Amino acid sequence: DAGITQSPRHKVTETGTPVTLRCHQTENHRYMYWYRQDPGHGLRLIHYSYGVKDTDKGEVSDGYSVSRSKTEDFLLTLESATSSQTSVYFCAISGSGSVTYEQYFGPGTRLTVT
Amino acid sequence: QKEVEQDPGPLSVPEGAIVSLNCTYSNSAFQYFMWYRQYSRKGPELLMYTYSSGNKEDGRFTAQVDKSSKYISLFIRDSQPSDSATYLCAMSDASGTYKYIFGTGTRLKVLA
């Protein structure tokens, strides 16, 4: 998984509670991304970061916020979880060395909102 | 219409067959093209990546990009049961953000 870890790997939470997912990389890549994967929709970009404290919205950002205070960590927060946010969440990294556009994924976090 | 279209399958082939997986796209600005393999309950694994047009070969895998037709392909030679997985295509423009648009994936089954 290219030096990418995600925590927790599984989480069950109740509607209305805040949830934070963590992505940690040891590769010193500049770009980090959060995706969600749902049947019939594939992978959709939630937010991405192009440097420490530099973030931007993706395709499905409503209800999510992110923070990146260190190169190695990218946090995804669901401010008030809803059942529609039940999904598998993947972190990805890119932007290192001579080939910057390769994108590598973490193992995923399976989130269930009841 | 989605920006990236991919047949969901499943595609079933006998062991040893040549497999052809395809994606079509509508955005002519796409320059970076990726193929990923994803096993059940795992993260996507980068298989092949290409910039702009042309072919790229790596072992049993060949990636082709036809920008004039807005069509990309992944060929797997001498397919093995271990190749059974979902294959995702992904594309990005040259804006420098490397924000990829993914296909929904094709599920491949290689039968022993």
Side-chain angles (χ1 to χ4, degrees), chain A residues 1-7 9-10 21 23 25 27 29-51 54-61 87-112, chain B residues 1-10 21-25 27 29-53 56 58 61 63 65 72 85-107:
Chain A
D1 293 325
I4 310 168
T5 57
Q6 293 185 232
S7 58
R9 294 293 313 279
H10 302 271
L21 309 182
C23 177
Q25 60 143 331
E27 306 293 323
H29 279 57
R30 177 183 176 188
Y31 297 90
M32 298 185 76
Y33 309 80
W34 277 108
Y35 292 88
R36 60 179 288 173
Q37 187 173 38
D38 304 287
H41 292 279
L43 283 157
R44 292 180 293 173
L45 183 65
I46 304 171
H47 281 281
Y48 71 102
S49 170
Y50 47 95
D54 293 322
T55 65
D56 205 350
K57 296 179 180 179
E59 178 188 358
V60 289
S61 59
S87 187
V88 182
Y89 291 85
F90 288 103
C91 174
I93 63 174
S94 68
S96 178
S98 60
V99 182
T100 56
Y101 58 88
E102 296 171 61
Q103 195 166 103
Y104 299 95
F105 282 81
T109 294
R110 191 168 295 270
L111 176 68
T112 302
Chain B
Q1 182 186 5
K2 294 182 179 179
E3 275 192 289
V4 178
E5 299 277 1
Q6 189 174 8
D7 189 325
L21 303 165
N22 311 295
C23 288
T24 59
Y25 62 95
N27 188 345
F30 287 149
Q31 294 283 349
Y32 300 105
F33 304 92
M34 308 273 194
W35 284 99
Y36 289 86
R37 176 175 64 196
Q38 186 175 24
Y39 293 112
S40 181
R41 304 182 80 86
K42 299 289 187 181
E45 173 192 5
L46 181 60
L47 277 179
M48 302 282 287
Y49 56 91
T50 55
Y51 172 69
S52 194
S53 289
K56 185 174 183 180
D58 184 3
F61 299 93
V65 175
I72 68 170
T86 296
Y87 290 79
L88 307 167
C89 63
M91 312 176 188
S92 178
D93 60 27
S95 63
T97 59
Y98 310 116
K99 291 164 58 178
Y100 284 90
I101 306 296
F102 283 78
T104 52
T106 298
R107 188 175 167 201

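Quick caveat: nothing in here was measured; it's all calculated off a predicted structure. Each chain gets a letter, A, B and so on, in the order the sequences are listed, and its residues count up from 1.
Of the atoms belonging to A/R44, not a single heavy atom falls under 4.5 Å from chain B. Using a 4.5 Å cut-off between heavy atoms, B/L88 touches chain A through its side chain atoms alone. For chain B, no part of A/E59 is nearby; none of its heavy atoms comes within less than 4.5 Å. Both the backbone and the side chain of B/Y51 come within contact range of chain A, with heavy atoms under 4.5 Å apart. For A/Y48, the part lying near chain B is the side chain, with the backbone staying farther off; criterion is any non-hydrogen pair under 4.5 Å. The part of A/L45 that comes within reach of chain B is its side chain, from C-beta onward, which places non-hydrogen atoms under 4.5 angstrom from that chain. There is no contact between B/Q31 and chain A, counting heavy-atom distances below 4.5 Å.
Between B/F102 and A/Y35, the ring planes are perpendicular. Angles over 60° get that label, and only those under 30° would be called parallel. By the 30° and 60° cut-offs, the orientation of the rings of B/F33 relative to B/Y25 is tilted.
Under a cut-off of 6.0 angstrom, the local environment of NZ in B/K2 is crowded, with over 12 non-hydrogen atoms contributed by other residues, nucleotides or ligands.
Among the candidates A/R110, A/Q6, A/Q37, the residue making the largest number of heavy-atom pairs closer than 4.5 Å to chain B is A/R110.
Side-chain contact of B/D7 with B/T106: a donor-acceptor pair under 3.5 Å is absent, judged by distance alone.
In summary, B/K56 and B/D58 do not engage in a salt bridge, as defined by a charged side-chain N under 4.0 Å from a carboxylate O.
Residues A/S94 and A/E102 are not in side-chain contact: their nearest non-hydrogen atoms beyond the backbone lie 4.5 Å or more apart.
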